[in-house]
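Structure record follows, encoded as structure tokens.
Values reported hereafter were calculated over all heavy atoms of this structure, with side chains retained and with hydrogens, waters and symmetry mates removed. Chain letters run A, B, ... following the sequence lines, proteins first and then strands; every chain starts at 1.
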Number of protein chains: 2
Amino acid sequence: MTAAIAIAMRTDKQEVSPLAIFANGQTIYSDGEKCDWAYRVAFGAVSLYRVLACGRRQIVSFHLAGEWFGIEQGRRRQFTAEAIGPTGILCANLAADQCSALLPAVLDALWSAREHQLVISRQSSHERVAAFLLEISERTQDKRRFDLPMPRADIADYLGLTIESVSRAITRLKCSNAIRLVGPRGVEILDRDRLRSFCD
Amino acid sequence: MTAAIAIAMRTDKQEVSPLAIFANGQTIYSDGEKCDWAYRVAFGAVSLYRVLACGRRQIVSFHLAGEWFGIEQGRRRQFTAEAIGPTGILCANLAADQCSALLPAVLDALWSAREHQLVISRQSSHERVAAFLLEISERTQDKRRFDLPMPRADIADYLGLTIESVSRAITRLKCSNAIRLVGPRGVEILDRDRLRSFCD
DNA sequence: CGAAATCTTGAACAACCTCAATCGGCGTGG
DNA sequence: CCACGCCGATTGAGGTTGTTCAAGATTTCG
């Protein structure tokens with residue numbers, strides 16, 4: 001957490017502090033820090049990741065507008081949280097008595113984590129990318145036409161692939177007319193069923 | 001859930017019912033069922049899995065003695081839970097007011113799920129198997145010498161590998177003198193540091 | 001407009017999977 | 001008691017998929 005933001009948050013003792021704004025690539029919290037706060041994305045996106053001993057980075061989850069992250073009561077941070085593009089974050093104090101509000105968010109996170117396990121352990125590169133596009137689609141406003149908040153490198157580190165494999169898979173989905181690209185970030189789903197059929 | 005067990009559980013309206021015993025391979029609950037209960041392993045082991053459209057089975061977690069599973073309040077079961085070997089299960093009613101007790105268990109599950117994500121997305125077969133042995137070791141009584149409750153097929157479906165790859169990795173760990181096998185199920189960790197060094 | 005970053009594409013290689021045979025323990029029955 | 005069959009685990013050979021390394025294309029931004 002950068003100093004400026006930490007001060008901004010500490011000035012507000014309410015349950016939910018005002019918006020804290022992070023620039024692209026800025027760290028919200030780091031692996032190993034104490035867990036004092038839970039967070040919610042107001043706008044933009046956040047990635048949770050760890051850099052492994054071998055130097056590779058694994059992103060375990062993305063969090064889009066409206067979604068909670070960083071609920072890890074009574075522990076040290078398991079991962080680093082980083083803003084993807086300009087991102088607004090709402091902060092909530094991690095008091096024990098709020099568990100009734102936090103439990104659903106944690107159950108959601110567990111649900112997502114396990115669905116993601118299915119994707120990254122057994123699926124081919126095309127299946128992973130197709131599943132990823134559908135996943136993002138379901139979590140954004142316009143489910144047909146949306147912009148990926150993150151670069152290919154982040155998608156690759158999330159899906160356990162290389163940038164090249166992600167690119168090739170996207171190209172193939174494009175050539176099959178399941179999707180259309182609007183620049184590198186814009187995605188339009190032309191045939192959701194066909195896209196789904198790529199998910200095995 | 002088999003009829004016999006369901007009756008045994010329904011007769012007890014307490015928070016924790018007496019032990020229900022399951023045979024090897026018996027289903028505790030199935031994908032899609034209502035979530036009325038949370039469970040705790042008394043003895044034996046449990047796997048949570050789903051069979052994908054392509055016919056492959058993915059195990060998302062193992063649960064050993066003392067561990068909670070099946071906390072999925074207000075949803076349908078995301079996975080099927082199955083006993084590995086003779087297994088005793090304690091059942092708890094999933095009342096909303098117990099969230100203070102359940103939250104830590106869910107946070108644990110989320111923690112484990114994400115650590116597992118790191119293993120299955122980026123690691124080689126040897127790294128996965130080494131990490132798996134260390135993980136099981138940390139969760140059993142005798143951390144140096146223990147028996148794997150599950151067959152190779154389950155390990156493979158958990159690590160996103162084939163039986164053959166698991167077998168080859170184990171053979172390699174054995175030949176490097178990091179571990180010793182006592183029959184196919186028994187494992188003795190001879191050199192924990194070396195085993196850890198395989199985890200990259 | 002130009003430079004840097006991001007994305008795409010290509011070719012050779014390595015890792016894992018598939019298919020297949022073999023080994024080993026264990027229970028049954030001759 | 002031993003032979004047989006079964007099931008799980010191991011080992012081997014060849015094919016597929018994704019990675020690596022490298023070059024080129026596109027986008028972004030000062």
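Taking the six-membered ring for Trp, A:Tyr39 and A:Phe69 have ring centres closer than 6.0 Å.
Where A:Ser125 and A:Glu164 meet DNA chain D, the nucleotide closest to each residue was compared, and A:Ser125 sits on the side nearer the 5' end. For B:Ser124 and A:Pro151, each mapped to the nucleotide of DNA chain C holding its nearest heavy atom, the one lying further toward the 5' end belongs to A:Pro151. Nearer to the 5' terminus of DNA chain D, by closest-nucleotide assignment, is the contact made by A:Gly160 (compared with the other of A:Pro184 and A:Gly160).
Contact between the side-chain N/O atoms of B:Thr171 and the OP1/OP2 oxygens of D:dT11 is found at a separation under 4.0 Å. Contact check, A:Thr162 against D:dT20: no side-chain N or O comes under 4.0 Å of OP1 or OP2.
In this view, A:Phe198 satisfies the ring-ring contact (aromatic ring centres under 6.0 Å, His included) rule with no residue, not counting sequence neighbours.
Here the side chain of B:Arg168 is nearest to one of D:dT20, D:dT10, D:dG12, namely D:dG12. Here the side chain of A:Arg152 is nearest to one of C:dT8, D:dT20, D:dT10, namely C:dT8. Here D:dT10 is the nucleotide among D:dT10, C:dT18, D:dA22 with the atom lying nearest to any side-chain atom of B:Leu181. In the set C:dC16, D:dT19, D:dT10, the nucleotide with an atom closest to the side chain of B:Ser167 is D:dT10.
Residue B:Arg128 is classed as having no contact, given no heavy-atom separation below 4.0 Å to the nucleic acid. Counting non-hydrogen atoms under 4.0 angstrom, A:Leu161 reaches the backbone sugars and phosphates but no base.
The neighbour count for A:Glu138 CD, taken as heavy atoms of other residues, nucleotides or ligands under 6.0 Å away, is above 12.
Put simply, CZ on B:Arg172 is 19 Å from C1' on D:dA9, counting in whole angstrom units. Taking atom CD1 on B:Ile120 and atom P on C:dA15, their separation rounds to 21 Å, with Å as the unit.
To the nearest 0.5 Å, atom CD1 of residue B:Ile155 and atom CZ of residue B:Arg128 are 14.0 Å apart.
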